[in-house]
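Presented below is the structure to which this report refers.
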Amino acid sequence: MTWVDHEDYPCSIREHHEHPALGSTALRRLFTAEEPRKNTANLGNAVGWLAITERAQWDAPSAVVVQREDFRGRPEALKQWERDHPDVIGLTKAQMVEARELANALQAHPHIEALVGSLHVEHVKHEHTVIATHAQTGVVCKARPDFRVDGLRIDDIKITRESDPSDFARQVRQHWLHVQAALYHDIDCTRHGLTRLRDGYTIIAVSRATKRVAAFGLANWLDEGRKVLDAALRLAAYRAEGDAHVPTMWERPQQLPPPSRWDQELTKRIVRHVDRVIPR
């Protein structure tokens with residue numbers, strides 16, 4: 001998959017979201033009736049900033065993440081607050097407490113410690129947007145990983161339900177994290193004339209429930225992600241050409257896919273465990 005016309009686009013998180021180029025979430029919505037979930041995105045971006053920032057700077061005047069009033073039931077007041085504070089992420093008091101708990105858990109993980117220690121190196125980018133055009137379809141996309149070491153590796157922080165491998169593998173599929181990985185990975189590869197990044201693509205997952213942190217490499221998912229990404233880009237290009245309705249996958253009855261090999265293996269483990277404890 002070839003990407004051309006790479007453009008560095010230094011910007012705030014809000015400017016990144018407002019840019020018309022497509023990200024993996026916008027591509028996923030081509031296949032579903034999903035509505036944007038702004039508060040979830042705000043929390044994720046906030047945790048990402050807090051995790052790589054010294055605690056002493058969390059309350060500094062230059063802080064990117066700030067506590068704001070809870071504008072529940074007053075959407076216009078919230079919009080006005082955001083217009084008045086274009087370069088910061090505003091969280092309610094409850095959201096701020098959760099964001100700091102998650103960031104504390106991340107900062108204690110050695111993977112994050114190593115990444116934060118490398119931020120002073122020139123070719124290490126944090127929250128830096130790149131815009132690129134897909135050569136085959138002409139669709140313009142955007143990439144903004146939490147950490148990017150040019151031509152070497154990409155690391156992205158995600159808030160998850162749980163951080164154990166079996167549950168997270170399902171979340172990869174559900175939230176198209178493998179598609180995002182393929183998008184970010186291949187944009188960086190073509191920019192540097194590579195076929196793959198030497199150290200690949202890693203997600204640092206922190207659980208909202210337990211605050212446990214785990215690092216997962218997505219090398220085994222990239223090919224699958226590219227197939228879905230290619231289909232999404234073709235659909236995006238087709239829709240851009242006219243107003244014809246393209247039905248989603250979910251508008252007609254269908255059979256669920258069979259249990260994965262991981263699901264089948266988990267079933268075997270459960271049965272074996274009970275058989276050992278309670279012989280038949």
When you look at Ser166 and Arg170, which way does the side-chain contact (heavy atoms from CB on, under 4.5 Å) test go after all the steps?
-> CA-CA 7 Å; Ser166 59; Arg170 295 187 183 94; 4.3 Å; yes
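- Here the side chain of Gln180 pairs no donor or acceptor atom with the backbone of Thr25 at under 3.5 angstrom.
- The main-chain N or O of Arg272 is never found under 3.5 Å from a side-chain atom of Asp275 such that the two would form a donor-acceptor pair.
- Using a distance-only test at 3.5 Å, with no hydrogens or angles considered, a donor-acceptor pair links the side chain of Gln107 to the main chain of Thr53.
- Proximity of a side-chain donor or acceptor of Arg198 to a complementary backbone N or O of Arg153 within less than 3.5 Å is not detected.
- Clustering of Ile, Leu, Val, Met, Phe, Trp and Tyr by side-chain heavy atoms under 4.5 Å joins Tyr9 with Ile131, Val140.
- Aromatic ring pairs are classed by plane angle as parallel below 30°, tilted from 30° to 60° and perpendicular above 60°; the pair Phe168 and Phe216 is parallel.
- In this structure, Arg269 satisfies the cation-pi test against Trp262, with its NZ or CZ atom closer than 6.0 Å to the six-membered ring centre and inside 45 degrees of the ring normal.
- Each of Lys227, Arg234, Arg226 was checked for a salt bridge (Lys or Arg N to Asp or Glu O under 4.0 Å) with Asp230, and the lone residue meeting it is Arg234.
- Without hydrogens or angle criteria, His185 side chain to Ala181 main chain gives no donor-acceptor distance under 3.5 Å.
- Considering CG of Asp167 and CD of Gln174, their distance stands at 9.0 Å, rounded to 0.5 Å.
- You'll find the side chain of Leu177 stays beyond 4.5 Å of the side chain of Trp221, heavy atoms only.
- Checked by atom type and distance alone, the side chain of Arg144 pairs as donor or acceptor with a backbone atom of Glu127 at under 3.5 Å.
- Side-chain N or O atoms of Gln57 include none that pairs as donor or acceptor with a backbone N or O of Glu54 at under 3.5 Å.
- Tested against Phe147 for a ring pair (Phe, Tyr, Trp, His ring centres under 6.0 Å), the candidates His111, His128, His126 yield a single pass: His126.
- Listed by chain and residue number, Glu162, Ser207 satisfy the side chain to side chain contact (heavy atoms under 4.5 Å, CB included) test with Ala209 (two or more places apart in sequence, or in another chain).
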Taking it one step at a time, do Trp58 and Val65 satisfy side-chain contact (heavy atoms from CB on, under 4.5 Å)?
-> CA-CA 7 Å; Trp58 285 2; Val65 179; over 6 Å; no
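- Here the side chain of Lys142 pairs a donor or acceptor atom with the backbone of His19 at under 3.5 angstrom.
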Criterion side-chain contact (heavy atoms from CB on, under 4.5 Å) on Leu78 and Arg68, from CA distance to verdict = CA-CA 9 Å; Leu78 174 57; Arg68 61 162 172 79; 3.7 Å; yes
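- For Lys125 and Asp150, the salt-bridge test passes: some basic side-chain N is under 4.0 Å from an acidic carboxylate O.
- At least one donor-acceptor pair closer than 3.5 Å links the side chain of Asp146 to the backbone N or O of Ile157.
- Counting only distance, with no hydrogens or angles, the side chain of Arg14 and the backbone of His85 share a donor-acceptor pair below 3.5 Å.
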